[in-house]
Amino acid sequence: MVMTMVKDEEKGFDGKIKAMISSKACACQTGILEKKKSGLRYVNCKGCGKLFKTDRDTEYCMDCEKKMK
């Protein structure tokens, strides 16, 4: 038999997940799991004025960047 050491905080988390499973609730809807923040931001293109999302450090949309090259 293989024995593993589990930290107390992991035991608590596992207990919460097991309780959610037994109550048929999704862990992502109950707030137990942390939601990651998106790195996307809205930018207005300086070339054509289009509003787009990007994670790059740019002020131009993909179409305008292609035209500039």
Side-chain angles (χ1 to χ4, degrees):
M1 179 188 286
V2 178
M3 300 283 290
T4 58
M5 300 290 290
V6 180
K7 294 180 183 177
D8 288 337
E9 60 191 35
E10 291 174 0
K11 287 180 186 177
F13 181 76
D14 289 342
K16 288 180 184 178
I17 295 297
K18 287 178 184 176
M20 292 300 155
I21 292 171
S22 65
S23 67
K24 306 289 186 203
C26 179
C28 62
Q29 294 175 346
T30 58
I32 290 176
L33 301 177
E34 294 179 15
K35 294 180 181 177
K36 293 181 181 177
K37 268 194 164 180
S38 174
L40 297 176
R41 59 186 176 90
Y42 283 102
V43 177
N44 278 330
C45 178
K46 287 191 173 184
C48 65
K50 184 180 359 178
L51 182 65
F52 64 99
K53 283 184 177 181
T54 185
D55 63 345
R56 300 177 300 126
D57 187 28
T58 183
E59 296 178 343
Y60 296 96
C61 67
M62 297 290 275
D63 296 332
C64 290
E65 282 185 351
K66 288 179 185 175
K67 292 176 188 175
M68 295 170 73
K69 291 183 179 182

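The structure displayed is predicted, hence computed values, not measured ones.
Counting only heavy atoms from C-beta outward, the side chains of K50 and M62 never approach each other to under 4.5 Å. Side-chain atoms of K46 and T58, non-hydrogen and from C-beta on, never get closer than 4.5 Å to each other.
Nearest heavy-atom pair across C61 and C45 is N-SG, 3.3 Å. The shortest non-hydrogen separation linking E65 to Y60 is OE2-O, 3.6 Å. Heavy-atom minimum distance, D55 versus L40: N-CD2, 3.8 Å. In terms of heavy-atom proximity, F52 sits nearest to N44 at CE2-C, 4.4 Å.
If you take CZ on R41 and OG1 on T54, they are separated by 6.5 Å, rounding to the nearest 0.5 Å.
Atom CD of E59 sits in a sparse spot, with 12 or fewer heavy atoms from other residues, nucleotides or ligands closer than 6.0 Å. Residue D57 places its CG atom among 12 or fewer non-hydrogen atoms of other residues, nucleotides or ligands, all under 6.0 Å distant.
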